Every structure is written in C-alpha cells, then in structure tokens.
Amino acid sequence: MAGFRDFLMRFRLAGPPGRAAPGGVPADRSAELSAELEPPLSLLEQAEAEARAVREQAALTAEERRRGAEREAEEIVAQARARAEGVRAESADRVRRAAEAESAELLASAEREVCAVRRQAEARMPELVDRVSALVRAELDDPGGTAPAAPGASGAGSP
C-alpha cells in the first residue's frame with residue numbers, strides 16, 4: 001500500500017507558473033492509481049474467492065444434511081410402518097380382553113340373578129302349591145261351584 005509520503009506527493013507543485021517546461025514526460029496518473037489500488041484489489045479478490053469457496057462448501061454441506069435428513073425421515077417412516085401392525089394387534093388384543101372381561105362380568109351378574117330368582121321361586125313354591133291344591137279340592141268337592149272359594153283364591157292375595 002502507498003505510504004503517507006506517496007500520498008503527499010500527489011499534491012506537490014508541478015512547477016512554478018510561467019512558461020512551459022522544456023520537454024518532459026507527463027505524469028501518468030492512471031498508472032499511479034492502479035499501482036496504488038492493486039494491493040487492496042488483490043486482497044479483495046482473495047476475499048471474494050474465499051467467500052465463494054465458503055458458499056460452495058456451505059451449499060454442499062446443506063445438500064448433504066438435507067439428504068441425511070431425508071434418509072432419516074424415510075427410516076423413521078419405515079420403522080413406524082413396521083411397528084404399526086404390532087401396535088394394531090396389541091390394541092385389538094387389549095380391546096378384546098376388555099370385552100371378554102365385560103362379558104364375563106355380565107355372565108356372572110346374570111348367574112347371580114338366576115340364583116336369586118330360583119331361591120325366590122323355591123321359597124314361594126310351597127305356598128303356591130297349597131293354593132292350587134286347595135282350589136282344585138274345592139272344585140272337586142263342589143262341582144256346581146256353590147262352595148265358598150278358598151282363602152286367598154280371589155286373586156287379591158300376594159303374588
């Protein structure tokens with residue numbers, strides 16, 4: 001890079017005013033400027049090349065990660081599909097067991113009700129048999145139907 005002295009040299013007087021100087025070589029300002037700007041521009045080109053390389057590497061890394069994520073997603077989906085049948089079977093088995101348990105409970109409840117009805121029938125049977133036999137005897141003893149009915153035979157008694 002140009003030093004401070006070179007910078008100041010830009011502003012030096014070309015010569016005293018007056019008549020033209022004898023044949024001299026004119027100063028080449030564009031050459032001086034290009035010589036001054038060449039080092040920073042070369043550094044800038046290097047920085048651009050590095051930035052380009054970083055962008056290309058980042059694009060490659062991003063594509064690689066994208067492909068890796070796609071593979072991982074495909075593996076996850078494949079594993080989920082493989083497990084789906086087992087999960088379905090397990091759920092169906094759980095529902096079936098719950099239905100069997102409910103069915104067994106209903107069956108046990110029905111059996112308890114049957115036992116209660118049988119006990120009640122067995123408890124009422126002797127009274128009902130006595131009533132029926134009394135009605136039949138009364139009918140056989142009085143074929144014309146003039147005898148009074150047996151007690152509780154009017155149908156108003158207990159069931």
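The structure displayed is predicted, hence computed values, not measured ones.
Distance check: Glu113 CD to Gln120 CD gives 11.5 Å after rounding to the nearest 0.5 Å. Glu100 contributes atom CD, which lies 8.0 Å from atom OG of Ser103 (distance to the nearest 0.5 angstrom). From Leu140, atom CG reaches atom CG of Leu135 across 11.0 Å, with rounding to the nearest 0.5 Å. In this structure, Asp130 CG and Arg137 CZ are separated by 8.0 Å, a value rounded to the nearest 0.5 Å. Here the CD atom belonging to Glu48 is positioned 7.0 Å from the CD atom belonging to Glu45, to the nearest 0.5 angstrom. The line from CD of Glu50 to CG of Leu43 is 10.0 Å long, rounded to the nearest 0.5 Å.
In this structure, the side chain of Ser133 engages the main chain of Val129 through a donor-acceptor pair within 3.5 Å. When atom types are taken as modelled, the side chain of Thr61 and the backbone of Gln57 share a donor-acceptor pair closer than 3.5 angstrom.
Using a 4.0 Å cut-off between charged nitrogen and carboxylate oxygen, Glu72 and Arg66 do not count as a salt-bridge pair. Taking a cutoff of 4.0 Å between a charged side-chain nitrogen and a carboxylate oxygen, Arg118 and Glu122 do not qualify as a salt bridge.
With sequence neighbours excluded, the residues satisfying side-chain contact (heavy atoms from CB on, under 4.5 Å) with Arg81 are Val77.
Applying the side-chain hydrogen bond (donor to acceptor under 3.5 Å, both in side chains) test to residues at least two apart or on different chains, the pairs with a partner in residues 83-93 are Glu85-Arg88, Glu90-Arg94, Asp93-Arg96, Asp93-Arg97.
No continuous path of hydrophobic side-chain contacts links Val117 to Met125 [ILVMFWY only; heavy atoms under 4.5 Å].
By the neighbour-count criterion of 12 heavy atoms within 6.0 Å, atom CD of Glu102 is sparsely surrounded, having that number or fewer from other residues, nucleotides or ligands.
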